[in-house]
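Keep in mind that what you see is a predicted model, and the values were worked out from it rather than measured. Naming: A, B, ... by sequence-line order, numbering from 1 per chain.
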Amino acid sequence: MSGVSKAIVQPLLDWYDAGHRDLPWRSEPTPYRVWVSEIMLQQTRVEAVRGYFSRWMNALPDIPALAAADEAVYTKLWEGLGYYSRVRNLHRAAVLLCEEYGGELPADYDRLLALPGVGEYTAGAVASIAFGLPVPAVDGNVLRVAARLDNDFTPITDAKFKKQTRERFAALMPSDRSGDLNQSLMELGATVCLPNGAPRCADCPIQHLCEGFHRGNAAVLPLRAAKKARRVENRTALVVRCGQLVGLRQRPKKGLLAGLWELPSLDGHLSPDELRAALTEMGWSVRKLLSLRPAKHIFTHVEWHMNGVYVELDAPAPTLTFVTPAELRDAYALPSAFRSFVSVLED
DNA sequence: AAGACGGGGGA
DNA sequence: TCCCCAGTCTT
């Protein structure tokens with residue numbers, strides 16, 4: 001018997017018991033801590049999450065605290081972590097949990113799945129890890145492990161492969177240790193069954209059950225659909241100063257970097273003359289312009305190629321919010337895209 | 001089914 | 001540069 005079957009369960013649990021990474025959310029796996037960690041871990045590496053998780057738990061130790069928190073507070077706690085709809089959904093769900101469930105997470109897969117920001121994976125992870133329910137938690141690691149175990153060349157990006165994998169693992173969930181089995185699969189994917197053609201099969205506790213290994217295909221699996229090219233957007237970003245204050249703008253409530261603060265910017269790469277004309281047209285009283293080192297920021301689906309300009313004003317521009325550098329650092333959530341430009345304020 | 005949605009670490 | 005990460009939601 002090989003591939004995804006019940007035979008993998010005990011070897012994986014034994015391997016997990018013999019030693020696994022010491023992660024902050026594993027030490028005290030309360031439903032709230034598991035939930036927050038799983039949301040933070042969506043499309044995000046463990047090492048990136050560690051610091052955010054600790055800060056978050058200190059500031060917002062339970063669901064009622066999160067529900068009562070100001071938007072500026074939880075957004076600032078998420079600053080730099082990316083995919084900011086996650087934190088908005090986290091807060092929305094906390095409010096909902098206080099209204100509907102007495103401020104606690106329900107021990108029920110379908111009710112978890114119904115929460116904003118909770119999909120099939122996260123519902124399974126919370127249900128199994130926090131509540132011990134025998135449901136699978138299939139993430140990118142598990143898809144890769146499954147493709148190799150079964151020597152399956154179906155692109156793991158296909159919805160049908162994901163659905164089939166969930167069903168395969170659902171059939172072998174132990175009634176007592178589903179959370180540990182799910183975590184062992186993810187741990188295996190993150191530390192042994194590595195992506196990019198670099199599996200460490202010699203260290204794998206279920207190598208003898210792996211069809212991909214036996215066929216010599218572990219390194220070429222899994223297959224993925226090709227990804228498409230990013231579009232490029234040219235912008236001119238402004239570090240606006242008026243006295244000791246810095247001019248910021250809040251982004252729209254929907255779309256990219258929704259609701260975060262940003263440096264004001266104009267479409268395209270403007271020459272100094274064009275920029276001066278555009279700013280004067282907007283009614284800004286420009287005292288001085290100074291070019292900064294250009295910066296490139298790469299998102300999943302778009303690249304910003306930004307020219308930076310330091311702008312000194314005689315009077316505050318009415319459309320901007322002016323704050324001190326200290327306020328910007330401590331209270332305004334600014335995307336990483338602007339980091340290099342903001343660094344000029346530190347002198 | 002495809003696109004939107006961040007950011008960073010490693011090859 | 002590209003890959004891909006303890007994915008979800010919208011269209």
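- Ion pair A:Glu327/A:Arg329 not flagged as a salt bridge, since none of the NZ, NE, NH1 or NH2 atoms sits closer than 4.0 Å to an Asp/Glu carboxylate oxygen.
- Checking B:dG6, C:dC9, C:dA6 against the side-chain heavy atoms of A:Arg86 singles out B:dG6 as nearest.
- Ranked by how close their nearest DNA chain C nucleotide is to the 5' end, A:Val118 and A:Ser37 are led by A:Ser37.
- The OH-C1' distance, from A:Tyr16 to C:dA6, rounds to 11 Å in whole Å.
- Contact between the side-chain N/O atoms of A:Ser336 and the OP1/OP2 oxygens of B:dG8 is found at a separation under 4.0 Å.
- For A:Arg26, whose side chain is taken as the heavy atoms from C-beta onward, the closest listed nucleotide among B:dG6, C:dA6, B:dG8 is C:dA6.
- Of the candidates B:dG7, C:dA6, C:dC4, C:dC4 carries the atom nearest the A:Arg224 side chain, counting heavy atoms from C-beta on.
- You'll find the ring centres of A:Trp304 and A:Phe299 inside the 6.0 Å limit.
- Counting only N and O atoms by type, the side chains of A:Asn89 and A:Arg92 include a donor and acceptor under 3.5 Å apart.
- Neither OP1 nor OP2 of B:dA11 sits under 4.0 Å from any side-chain N or O of A:Asn196.
- Considering only side-chain atoms of A:Pro335, the nucleotide from C:dA6, B:dG7, B:dA4 that sits closest is B:dG7.
- With distances taken from any side-chain atom of A:Thr44 to the nucleotides B:dG6, C:dG7, C:dC4, the minimum falls on B:dG6.
- Whole-Å rounding puts the A:Leu41 CG to C:dA6 C1' distance at 5 Å.
- Defined by atom type and a distance below 3.5 Å, a donor-acceptor pair is present between the side-chain atoms of A:Glu38 and A:Tyr121.
- No hydrogens or angles considered: nothing links the side chains of A:Arg168 and A:Ser5 as a donor-acceptor pair under 3.5 Å.
- Comparing B:dG6, B:dA4, C:dA6 by their closest approach to the side chain of A:Arg231 singles out B:dA4.
- Listed nucleotides C:dT1, C:dC9, C:dA6 differ in distance to A:Glu38; the shortest reach to its side chain belongs to C:dA6.
- Remark: the separation of the P atoms in B:dG6 and C:dT11 is 15 Å, to the nearest Å.
- Ranked by how close their nearest DNA chain B nucleotide is to the 5' end, A:Ser85 and A:Ala159 are led by A:Ala159.
- Phosphate proximity of C:dC5 to A:Gln43: absent, as no side-chain N or O sits under 4.0 Å from OP1 or OP2.
- Of all nucleotides listed (C:dG7, C:dA6, B:dG8), C:dG7 comes nearest to the side chain of A:Tyr83.
- Nucleotides C:dT8 and B:dG9 are separated by 23 Å at their C1' atoms, to the nearest Å.
- Considering only side-chain N and O atoms, A:Lys296 lies under 4.0 angstrom from the phosphate OP1 or OP2 of C:dT1.
- Between A:Phe299 and A:Asp158, the one whose closest nucleotide on DNA chain B sits nearer the 5' end is A:Asp158.
- Minimum atom distance to the side chain of A:Pro195 is reached by C:dC4, of the listed C:dG7, C:dA6, C:dC4.
- A gap of 22 Å separates the P atoms of C:dC4 and B:dC5, to the nearest Å.
- Note on A:Asp17 versus A:Arg177: salt bridge recorded, some NZ/NE/NH1/NH2 to OD/OE distance being below 4.0 Å.
- With both ends at atom P, the span from C:dA6 to B:dA4 equals 24 Å, rounded to whole Å.
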